[in-house]
J.: 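This is the structure I have questions about; it appears just below.
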Amino acid sequence: MKISLPLNSIMQKSDFIFGVATASFQIEGGIDSRLPCIWDTFCQTPNKIRDNSDGSVACDHISLWQQDVDLIDSLNVDAYRFSISWPRVINAEGELNQQGVDFYIGLLDKLIEKGIKPYVTLYHWDLPQHLEDKGGWLNRDTAYKFRDYADLISKALGNRVISYATLNEPFCSAYLGYEAGIHAPGIKGREFGKKAAHHLLLAHGLAMQVLQKNCPDALNGIVLNFTPCYPASDSPADRNASRIADAHFNQWYIKPLFDKCYPDIIETLPDIERPNILDGDMEIIAQPLDFMGVNFYTRAVYQACAYHQFEQIEVPDVPHTDIGWEIYPKALTELLVSLNDMYQLPPLYITENGAAMDDKMTNAAVNDEDRIQYYHQHLNAVNDAIEAGVNIKGYFAWSLMDNFEWAEGYLKRFGIVYVDYQTQLRTLKNSGKAYRDFISIRS
C-alpha cells in the first residue's frame, strides 16, 4: 500500500511542510547530564509505568543524534519537530547550562546544514523536579520560571529556530498529571486540574511575550491536543453530555487563547476546583499567535451520566490502534472545520498524528500496512479540511522513531522507524518508506 492524495491537493505543493516529530524525554536518555525531572521521579514510583521502565537511556539520542539527523534527512522531510529539555539547559539556579545548550546548538546546526527546518517545543512535560518540589504547575511562580527559561534559551539559540511552540498539550500536563494522576507528577484530585491548566496557559502567554521580542522572525505559538467529543445517541441528554465533556477537555485550553475567557462550565464548578484568575491573566494568555499546532489521534464518545454529567463509552466493532484508540479519520476533518468555525485562528499545523501498532520485525523489516493505511486516511482527512476552507500549512508524523511512551513505557510503538532498545539499531519501517515516497513526489 502507498500513501496518496488527490492530484489537485495543495498538500502536494512544495510549500506545504511535511515533517516528523519527537520529544526530549521520550528519546534523549542522557539522564546524567541534566537535572532530574518529574518523569524521572514518576518512573521510580512503583506501579506507574506499565513495564517498570524509565527514560534514563530511551533511544540514546543524546549520543546518536548525528545518525538520527541523517535518518531524518533520508526521509526527505522538510522539517523536524523536537522539544528542548528544560532540565538539560537550565540549572537549579535558573541559569543556562552551557553543556546542554551546546547539545541543541549542534543539533540545530546540523539540521540547518541538511536543509531541515527546526520546529522547537519548549515544554513537552519534563518539568524540573526541583520546581515540582515547590508546587509545580499548581504554583503560579512556575509560570514565571518558564518565562525566564524561554527568554534565556531563545536568546542562546539565536536565529537557528524557524518556529517555537511554548507548550505541548497542556491538557495532558494539567488533567493527566494533576487531576487523573496517570502522568507525572501523579497528583490526583478534581480540585487540582483546572488550577494547573491556568498556570500552564499563563506560562504560555508570558513565554509568547519574550519569544515575540527575542525571535520576531520565528513562527511562535502553542500546540494543543484535541479528542473530539461525540454523543452516543441523538438524545438531548447525550448531546449535552458530549458538549460538557468537550468544554472540559478541549475548549478549556483553546477558548482562553482567542476569547480571553474559559468556557461557561467554569460557572458550574465548585470554588475548590476553580483556578485563581488574577487581573490581567486572560490578556496575557491571549497573546497573538503566529500559528497553532493541532495534535490528533482519536475521538471519544459520551453518554449522559447522572453522577458525573458525562461518561465515555466504548464503541463496539470499530478498528483500534494497539494502544486501544478508535481509528476514526473523519473526526480529524470535523474537528478542524469546527475549530475554524468557532475561532479566528492563525495558520494551523498538524503537529502530531500517528498510530501505535503491534509491529513485528521479520527478516530485518517491519511490514506495518495498518500504519500506512492510518496515515493515508488521516492525510486525506486533513486535505478534506483544507478543501472546506481551513488554513493548514503543515503535517508532522508522530513519531520519527519508537520511544518511551509515557505511562506505557516501551510497550507501544508509534514510530515510522523501529528501535531495538537492546542494540539501539534503527530500522525504517514500511510506513517510513511510504511516507518518504509520498513526500518525494510533490511538485
J.: Can you give me the closest heavy-atom contact between S85 and R34, atom names plus distance?
T.: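 Taking every non-hydrogen atom into account, OG-CD, 3.8 Å.
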
J.: As an exercise, state the distance from CG of N214 to CG of N159, rounded to the nearest 0.5 Å.
T.: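 Those atoms lie 12.5 Å apart.
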
J.: Considering only NZ, NE, NH1 and NH2 on the basic side and carboxylate oxygens on the acidic side, decide whether E191 and K195 come within less than 4.0 Å.
T.: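 Looking at K195 together with E191, the answer is no, because their closest N to O distance does not fall below 4.0 Å.
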
J.: Please work out whether the ring planes of Y349 and F291 are parallel, tilted or perpendicular, with thresholds of 30° and 60°.
T.: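 Because their plane-to-plane angle is over 60°, the rings of Y349 and F291 count as perpendicular.
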
J.: Looking at Y302 and I244, would you say the former's side chain and the latter's main chain have a donor-acceptor pair under 3.5 Å?
T.: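 Not a single qualifying donor-acceptor pair exists.
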
J.: Are F249 and F310 an aromatic pair by the rule of ring centers under 6.0 Å?
T.: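 Yes: the rings meet the under 6.0 Å criterion.
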
J.: Tell me, yes or no, whether the heavy-atom count around D109 atom CG, taken from other residues, nucleotides or ligands under 6.0 Å, exceeds 12.
T.: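 Atom CG in D109 is packed in, count exceeds 12.
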
J.: Quick one: does I38's side chain get under 4.5 Å of W125's, heavy atoms only?
T.: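 Not touching, per the 4.5 Å side-chain cut-off.
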
J.: I'd like to know if the side chain of Q26 reaches the main chain of D402, judged simply by a donor and an acceptor atom lying under 3.5 Å from each other, with no hydrogens or angles considered.
T.: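 Between the backbone of D402 and the side chain of Q26 there is no qualifying donor-acceptor contact (under 3.5 Å).
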
J.: Between D60 (side chain only) and V57 (backbone N and O only), is there a donor and an acceptor less than 3.5 Å apart?
T.: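 A pair under 3.5 Å: no.
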
J.: Heavy-atom count check: over 12 atoms from other residues, nucleotides or ligands less than 6.0 Å from E283 CD?
T.: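 Enclosed: over 12 neighbouring heavy atoms sit under 6.0 Å from CD of E283.
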
J.: Given side chains that start at C-beta, do those of I72 and V20 come closer than 4.5 Å, heavy atoms only?
T.: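 Side chain of I72 against side chain of V20, heavy atoms only: contact under 4.5 Å found.
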
J.: Can you find a pair of side-chain heavy atoms, one from W398 and one from N403, that are under 4.5 Å apart?
T.: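 Touching, per the 4.5 Å side-chain cut-off.
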
J.: Do side-chain atoms of N220 reach the backbone of D290 as a donor and acceptor pair under 3.5 angstrom?
T.: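 Not at all, since once roles are kept as given, no pair shorter than 3.5 Å links the two residues.
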
J.: Taking NZ in K393 as the centre, count heavy atoms belonging to other residues, nucleotides or ligands within less than 6.0 Å. Is the count above 12?
T.: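 12 or below, so no.
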
J.: Looking at D259 and C261, would you say the former's side chain and the latter's main chain have a donor-acceptor pair under 3.5 Å?
T.: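 A pair under 3.5 Å: no.
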
J.: Can the positive tip of R81 be found less than 6.0 Å from the middle of the six-membered ring of F396, inside 45° of the ring normal?
T.: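 Checked: cation-pi criterion not met.
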
J.: Quick one: CG on L107 to CZ on F103, what's the gap to the nearest 0.5 Å?
T.: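 Reported to 0.5 Å precision, the distance equals 5.5 Å.
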
J.: Testing the 3.5 Å rule here: is there a donor-acceptor pair between the side chains of R371 and Q373?
T.: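 Side-chain D/A pair, R371 to Q373: absent.
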
J.: What about F438 and Y375, are their ring centers closer than 6.0 Å?
T.: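 When the ring centroids of F438 and Y375 are compared, they turn out to be at least 6.0 Å apart.
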
J.: Is it true that the side chains of T121 and N168 contain a donor and an acceptor less than 3.5 Å apart?
T.: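 Short answer, no.
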
J.: Please confirm whether the backbone N or O of L176 pairs with a side-chain atom of E179, one donor and one acceptor, at under 3.5 Å?
T.: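 Answer holds: no.
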
J.: Using the ring centroid of each side chain, check whether Y230 and Y328 are separated by less than 6.0 Å.
T.: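 Yes: the rings meet the under 6.0 Å criterion.
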
J.: Could you grab the distance from atom CH2 of W137 to atom OG1 of T142, nearest 0.5 Å is fine?
T.: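 Nearest 0.5 Å value for the CH2-OG1 distance: 6.0 Å.
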
J.: Could you check Y175 against H248 for side chain to side chain donor-acceptor pair (under 3.5 Å), going step by step and ending with a plain yes or no?
T.: CA-CA 10 Å; Y175 178 76; H248 279 285; over 6 Å; no

J.: Between W406 and F42, does the ring centroid distance fall short of 6.0 Å?
T.: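 No, they do not, as the ring centres are separated by 6.0 Å or more.
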
J.: Evaluate the side-chain proximity of L71 to S74: yes if any heavy-atom separation is below 4.5 Å, no if none is.
T.: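 Of all side-chain heavy-atom pairs linking L71 with S74, at least one is under 4.5 Å.
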
J.: Which pairs, with at least one residue in residues 98-107 and sequence neighbours excluded, count as a side chain to side chain donor-acceptor pair (under 3.5 Å)?
T.: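 Counting only pairs at least two positions apart or across chains, the side chain to side chain donor-acceptor pair (under 3.5 Å) contacts touching residues 98-107 are E28-Y104, Q98-D102.
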
J.: State, with a plain yes or no, whether a side-chain heavy atom of W39 is found less than 4.5 Å away from one of I49.
T.: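 The answer is yes; the side chains approach within 4.5 Å.
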
J.: Is the closest side-chain heavy-atom distance between I90 and D148 below 4.5 Å?
T.: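 No, side chains not in contact.
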
J.: Tell me whether R274 contacts the main-chain N or O of I266 through its side chain, where contact means a donor paired with an acceptor under 3.5 Å.
T.: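 At least one qualifying donor-acceptor pair exists.
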
J.: Salt bridge (Lys or Arg N to Asp or Glu O under 4.0 Å) between E273 and R190: does it pass, once the steps are laid out?
T.: CA-CA 6 Å; E273 294 180 21; R190 288 175 65 112; 3.4 Å; yes

J.: Give, for atom CG of L152 and atom CG of L157, the distance between the pair rounded to the nearest 0.5 Å.
T.: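 L152 CG to L157 CG: 11.0 Å, rounded to 0.5 Å.
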
J.: Can a donor-acceptor pair be found, under 3.5 Å and without considering hydrogens, that links the side chain of Q12 to the backbone of R442?
T.: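 Flag not set: sc Q12 to bb R442 has no pair under 3.5 Å.
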
J.: How long is the gap from CD1 on I10 to CG on D15, to the nearest 0.5 Å?
T.: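 Rounded to the nearest 0.5 Å, the CD1-CG separation comes out at 7.5 Å.
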
J.: Hey, are the side chains of N276 and H198 touching, using non-hydrogen atoms and a 4.5 Å cut-off?
T.: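 No, their side chains stay 4.5 Å or more apart.
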
J.: Between K155 and D151, does any NZ, NE, NH1 or NH2 come within less than 4.0 Å of an OD or OE carboxylate oxygen?
T.: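 K155 and D151: salt-bridged.
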
J.: Test Y297 against E352 for side chain to side chain donor-acceptor pair (under 3.5 Å), laying out the working first.
T.: CA-CA 8 Å; Y297 293 96; E352 287 182 28; 2.5 Å; yes

J.: What residues form a side chain to side chain donor-acceptor pair (under 3.5 Å) with N353, not counting sequence neighbours?
T.: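 Y374, Y395.
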
J.: Does I162 reach the side chain of Y119, with side-chain heavy atoms less than 4.5 Å apart?
T.: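 Contact flag for I162/Y119 side chains = yes.
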
J.: Less than 4.0 angstrom from a charged side-chain N to a carboxylate O is my criterion; do D359 and K429 meet it?
T.: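 Judged by the 4.0 Å cut-off on N to carboxylate O distance, D359 and K429 do form a salt bridge.
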
J.: Please evaluate residues S24 and D126 with respect to the criterion side chain to side chain donor-acceptor pair (under 3.5 Å), reporting the C-alpha separation (whole Å), side-chain torsions for both, the decisive distance (0.1 Å), and the verdict.
T.: CA-CA 8 Å; S24 52; D126 45 359; 2.8 Å; yes

J.: Start with the C-alpha gap between Q129 and D133, add the side-chain angles, then the distance that decides, and say whether side chain to side chain donor-acceptor pair (under 3.5 Å) holds.
T.: CA-CA 6 Å; Q129 181 60 44; D133 294 341; 2.8 Å; yes

J.: Does the H376 side chain pair with the main chain of S4, one donor and one acceptor, at a distance under 3.5 Å?
T.: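 Yes.
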
J.: Donor-acceptor pair, K114 side chain versus D70 backbone, under 3.5 Å?
T.: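 No, because the side chain of K114 does not come within donor-acceptor range (under 3.5 Å) of the backbone of D70.
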
J.: If you measure only the distance, is there a donor-acceptor pair under 3.5 Å linking the side chains of Y343 and Q251?
T.: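 Yes, side-chain donor-acceptor contact under 3.5 Å.
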
J.: Report the distance from atom CG of D73 to atom CG of D68, rounding to the nearest 0.5 Å.
T.: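 One gets 12.5 Å once the value is rounded to the nearest 0.5 Å.
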
